[in-house]
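Every chain is numbered from 1, with letters handed out A, B, ... down the list of sequences. Because only heavy atoms are used, hydrogens play no part in the values below, and waters and symmetry mates are left out as well, while side chains stay in.
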Amino acid sequence: EAGVVQSPRYKIIEKKQPVAFWCNPISGHNTLYWYLQNLGQGPELLIRYENEEAVDDSQLPKDRFSAERLKGVDSTLKIQPAELGDSAVYLCASSLAGKRYNEQFFGPGTRLTVL
Amino acid sequence: SQQGEEDPQALSIQEGENATMNCSYKTSINNLQWYRQNSGRGLVHLILIRSNEREKHSGRLRVTLDTSKKSSSLLITASRAADTASYFCATRTNQGGKLIFGQGTELSVKP
């Protein structure tokens, strides 16, 4: 069974440019998460989807970040415009809702460098 | 904002020794989970302990939970070079399904 797939794995852009990350969760997982991980830190939740609905986006900086999950499967996370401080690893995870102790499965992440 | 603090931030041991990592958190939880992250990779779930449990084992892993002290520990016995990674605790509160991660312990096991 394929795990969580993310692309690209690495992205280098100049500040003020837009960037987009893509995530394909594990088949059948209806809950999808985007996390931000700074160097030497644990992941911090940006947004959580239950199917197509964003149920927790309180930590998403909505002035420059946006996300969508059309059809409740794949998801994209966009930053426009990117700032120097956005350099980090962006992790996508998925889990099976309905399981009471929902273990999350993580993708390898996209390492973003903003110059 | 991160819920927990992990201690130590970095740990270096010889192969065959035991490694102990500690995690403290601030609010009431439904469960606490430990994840491993190898360099440049995503996180891998290791073990989950529920708030009504005190100890749990999985292979060479032993996790304890003290809800009165709001703390947990992860013990890796007979460590191997392949255990070299960062280890994160994550707590899930009773409100919603959000996981809140600690800052992690970087473990280095020297052959």
Quick check: are there more than 12 heavy atoms from other residues, nucleotides or ligands sitting under 6.0 Å from CD of A:E14?
no
Linking I/L/V/M/F/W/Y whenever any side-chain heavy atoms sit under 4.5 Å apart, do B:L65 and B:I47 land together?
yes
Using only heavy-atom distances, determine whether the side chains of B:Q37 and A:Q37 contain a donor-acceptor pair under 3.5 Å.
yes
Identify the heavy atoms of A:F106 and B:L43 that sit nearest to each other, and give their distance.
CB-O, 3.4 Å
Check this for me: A:K11, atom NZ, are more than 12 non-hydrogen atoms of other residues, nucleotides or ligands nearer than 6.0 Å?
no
Side chain, backbone, both or neither: which part of A:F105 has a non-hydrogen atom closer than 4.5 Å to chain B?
neither
Look at atom CD of A:E52 and say whether more than 12 heavy atoms of other residues, nucleotides or ligands are closer to it than 6.0 Å.
yes
Would you say B:F101 and A:Q41 make side-chain contact, with heavy atoms under 4.5 Å?
no
Any chain of hydrophobic side-chain contacts (each under 4.5 Å) joining A:Y35 to A:L60?
no
With rounding to the nearest 0.5 angstrom, report the CD to CG distance, A:E103 to B:L99.
10.5 Å
